[in-house]
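In what follows, a single structure is set out as structure tokens and then discussed.
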2 protein chains.
Amino acid sequence: MATLNRPGAEDGHVCGIDAAMEVIGGKWKVLILWALHEQPRRRFGELRRVVPGITEKVLASHLREMEADGIVDRVAYDEVPPRVEYGLTKDGIRLSDALEPLAAWGRERRRHA
Amino acid sequence: MATLNRPGAEDGHVCGIDAAMEVIGGKWKVLILWALHEQPRRRFGELRRVVPGITEKVLASHLREMEADGIVDRVAYDEVPPRVEYGLTKDGIRLSDALEPLAAWGRERRRHA
DNA sequence: CTGTATCCTTGGGGATACTG
DNA sequence: CAGTATCCCCAAGGATACAG
């Protein structure tokens, strides 16, 4: 187990979790991650449908941030009408896998709620 | 793997993760969790020191929310000066364990950053 | 279809002072 | 020591319109 006030944490992170939290901290990011983990190569409009309640603007900005964080990749096909497919990078897949125990905890908790 | 648009998700949660995210979503909550996982029975002032940057007000409100969520327990001793000790419930410990892979992901990512 | 561009709102969190 | 009580701020997110 890592130490909280570990010497050498000059990057502003005291443990690995908060570094991860910065990446998945956006309001809808884990849902987007989950959607792409369930089925990759999803299109923009598809994601909008599968993540109910999100607006175009927020979906777009979240996707862009996740791209910048190296967990989502974007493939644009030069067609008309335009087609864009989103998927997970290797790192995104590993993140998604790392999220599974947390998801199990949430499911379990809901069962007993 | 759970389905995103699972029928029967009338509680507003589409998968287990977002239920978990609601619990750990506060800005400092994972750090508090981590601190109590490392060493339970910590006192208020101790937590304030070990979670650098947090204010009294936010620490107090976070602790109260985590208590309400059933992951933190609070024991007040009737002494003067007052003494209060915070720890994790069973559920809090399980949550903390479920967070470990995520922490590992964050640490790994920092190594390669 | 896949997005920008604007404008606006809200509540989570910060600063500070105070109390039992 | 372990917290409340106030006041305040601002960035994340929402609504809507428009564009290539």
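Sequence lines set the chain letters: A, B, ... in the order given, protein chains first and strands last, and positions in each chain run from 1.
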query = Within the side chain of A:R42, is there an N or O that forms a donor-acceptor pair under 3.5 Å with the backbone of A:A35?
reply =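 Here the side-chain-to-backbone pair exists.
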
ask   = Within the side chain of A:S96, is there an N or O that forms a donor-acceptor pair under 3.5 Å with the backbone of A:H37?
value =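 No.
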
What is the distance, rounded to the nearest whole Å, between atom [atom1] of [X] and atom [atom2] of [N]?
{"X": "B:R42", "N": "D:dA2", "atom1": "CZ", "atom2": "C1'", "result": "17 Å"}
{"X": "B:L59", "N": "C:dG14", "atom1": "CG", "atom2": "P", "result": "11 Å"}
{"X": "A:L47", "N": "C:dT2", "atom1": "CG", "atom2": "C1'", "result": "12 Å"}
{"X": "A:E85", "N": "C:dC1", "atom1": "CD", "atom2": "P", "result": "14 Å"}
{"X": "B:R83", "N": "D:dG3", "atom1": "CZ", "atom2": "P", "result": "13 Å"}
{"X": "B:R48", "N": "D:dG3", "atom1": "CZ", "atom2": "C1'", "result": "9 Å"}
{"X": "A:E79", "N": "C:dG3", "atom1": "CD", "atom2": "P", "result": "13 Å"}

task = Could you run through nucleotides 9-20 of chain D and give me one letter per nucleotide, 5' to 3': B if any protein heavy atom sits under 4.0 Å from the base, S if only the sugar-phosphate is that close, - if neither?
result = ----BBB-B--B

message = Tell me whether the side-chain N/O atoms of A:R64 come closer than 4.0 Å to OP1 or OP2 in C:dT4.
response =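 Affirmative; the distance criterion is met.
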
query = Taking only N and O in the side chain of A:R43, is any of them less than 4.0 Å away from OP1 or OP2 of C:dT2?
reply = yes

Salt bridge (Lys or Arg N to Asp or Glu O under 4.0 Å) partners of [X], counting only residues at least two apart:
{"X": "B:R43", "answer": "none"}
{"X": "A:E67", "answer": "none"}
{"X": "A:R74", "answer": "none"}
{"X": "B:D73", "answer": "none"}

ask   = What are the two closest heavy atoms between B:D91 and A:W105, and how far apart are they?
value = O-NE1, 3.2 Å

query = With a cut-off of under 6.0 Å to the ring centre and 45° to the axis, is A:R83 in cation-pi contact with A:Y77?
reply = yes

request  = May I ask you to say what A:R74 touches in the nucleic acid, namely base, sugar-phosphate or nothing, with a heavy-atom cut-off under 4.0 Å?
outcome  =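 It contacts sugar-phosphate atoms only.
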
inquiry  = At 4.0 Å (heavy atoms only), tell me whether B:Y86 reaches a base, stays on the sugar-phosphate, or touches nothing.
reply    =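 Sugar-phosphate contact only - B:Y86 comes under 4.0 Å of backbone atoms but never of a base.
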
inquiry  = Let me check the geometry of the helix from C:dC1-D:dG20 to C:dG20-D:dC1. What is the bend angle between the axes at its two ends, five pairs each, to 10°?
reply    = 50°

ask   = Going by heavy atoms in the side chains, are A:D18 and B:W28 under 4.5 Å from each other?
value =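 No, too far: nothing below the 4.5 Å cut-off.
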
